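Notes for the one structure printed next.
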Number of protein chains: 2
Amino acid sequence: MAATDPIEDLVADVFARACTSRGVLENVAGKWGILALAALSDGAYRFNALRRRVDGISEKMLAQTLHALERDGLVRRDVQGTIPPRVEYSLTPIGEKISFKLLELIELVEGEMPEVHAARARYDDTRR
Amino acid sequence: MAATDPIEDLVADVFARACTSRGVLENVAGKWGILALAALSDGAYRFNALRRRVDGISEKMLAQTLHALERDGLVRRDVQGTIPPRVEYSLTPIGEKISFKLLELIELVEGEMPEVHAARARYDDTRR
DNA sequence: CCGCATCCTAAAGGATACTG
DNA sequence: CAGTATCCTTTAGGATGCGG
């Protein structure tokens, strides 16, 4: 391992089992984290509005996802002590940076979907 | 939903439950997919070499991950019919594009790790 | 060396019901 | 409205053993 490439140096430790950034990546890029952060990129959401936006997520998973992201400092939780309660979720500056990168990833993947579908058809074809 | 923002248009459907790109995103950005693609960014790997590189992954999960990525057209599988068998995995052009974006994400997250750790300490502190 | 197949355990995730 | 708690089902994932 020469490690003269600057990008290599930064990325190297993520391959180590015990690397703590793996856990953050799972929160951020996992099934629900990526969608929650992407949704919050267009502004603050209340709990149930966010739940409607991220179609298919259960109440439990949304709460769990938001807690993890709040703990990591990517999402801010603002509670107005009114009745009925009003809780707003929004991105922190770090959350915004990561969310923006995730949007780029989503955009990239969506742009390649025709090729992906073609590849899948080819793959499924050759072994049927 | 006005949908006049160009980035919004591209991203919108990922929030729909039935969107097929969600599945691709899970393969790509999931716990193991992100590491496999990132590892392959520095060239072709044989199965067991890749397994050593992605520390902690089991044989089963690596095989499963590589199959999914191969089916999606992101990873190419080259078999040399020698004995013992020699199988090399490498990125397709689309795989390279996505891998590069993932490396940027990893780099970004790793750069924010000090802040993330601080946020976690604060969070855990206030509720103990 | 590559990599299925099987079995089994642990964790993710959904549905429902209930509280401030 | 914004959750928490519980139960239950499904899936992820590790270990092991065999075959090409």
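Numbered from 1 within each chain, the chains take letters A, B, ... in sequence-line order. This structure is a prediction, so every number in the text was calculated from the model and none was measured.
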Nearest-Å distance, CG (B:D55) to P (D:dG13)?
16 Å
Output the rounded distance in Å from CG (A:L66) to C1' (C:dG13).
16 Å
The answer to which of B:K60 and B:R77 contacts DNA chain C further toward the 5' end, by nearest nucleotide, is B:R77
Given C:dC2, is OP1 or OP2 found less than 4.0 Å from the side-chain N or O atoms of B:R46?
yes
Only residue of B:V75, B:L69, B:I98, B:D42 satisfying side chain to side chain contact (heavy atoms under 4.5 Å, CB included) with B:L91 is B:V75
Of all the heavy-atom pairs spanning A:L103 and A:S41, show the shortest one and how long it is.
CD1-OG, 3.5 Å
Without decimals, in angstroms, what is the distance between A:M61 CE and C:dG13 P?
4 Å
Restricting to non-hydrogen atoms, name the atom on B:R51 and the atom on B:E59 that form the minimum distance, rounded to 0.1 Å.
NE-N, 3.4 Å
For a 4.5 angstrom cut-off between non-hydrogen side-chain atoms, does A:V116 reach B:T20?
no
B:V87 side-chain proximity, nearest of C:dG3, C:dC1, D:dC1:
C:dG3
B:K31 side chain, from C-beta outward: closest of D:dA2, C:dC2, D:dG13
D:dG13
If only side-chain N and O atoms of B:Y89 are considered, is one of them under 4.0 Å from the OP1 or OP2 phosphate oxygen of C:dG3?
yes
Out of D:dG3, D:dG14, C:dC2, whichever nucleotide has its closest atom nearest the side chain of B:F47:
C:dC2
Distances for protein N/O vs nucleotides 18-20 of chain D N/O pairs under 3.5 angstrom?
none

According to a strict under-4.0 Å criterion, is B:H67 in side-chain N/O contact with OP1 or OP2 of C:dC4?
yes
How many angstroms lie between atom CZ of B:R22 and atom CG of B:D13, to the nearest 0.5 angstrom?
10.0 Å
Atom CG of A:N48 to atom C1' of D:dA2: distance rounded to whole Å?
7 Å
Rounded interatomic separation in angstrom, taking CH2 from A:W32 and P from D:dT11:
14 Å
Length of the CD-P vector between A:E59 and C:dA17, whole Å:
13 Å
Can you tell if the side chain of A:W32 reaches within under 4.5 Å of the side chain of A:L62, non-hydrogen atoms only?
no
In whole angstroms, the gap separating P of C:dG14 from CZ of B:R17 amounts to 10 Å
Rounded to whole Å, the CZ-P distance (B:R51 to D:dG13) equals 14 Å
Any A:E112 side-chain heavy atom under 4.5 Å of B:L74 side chain
no
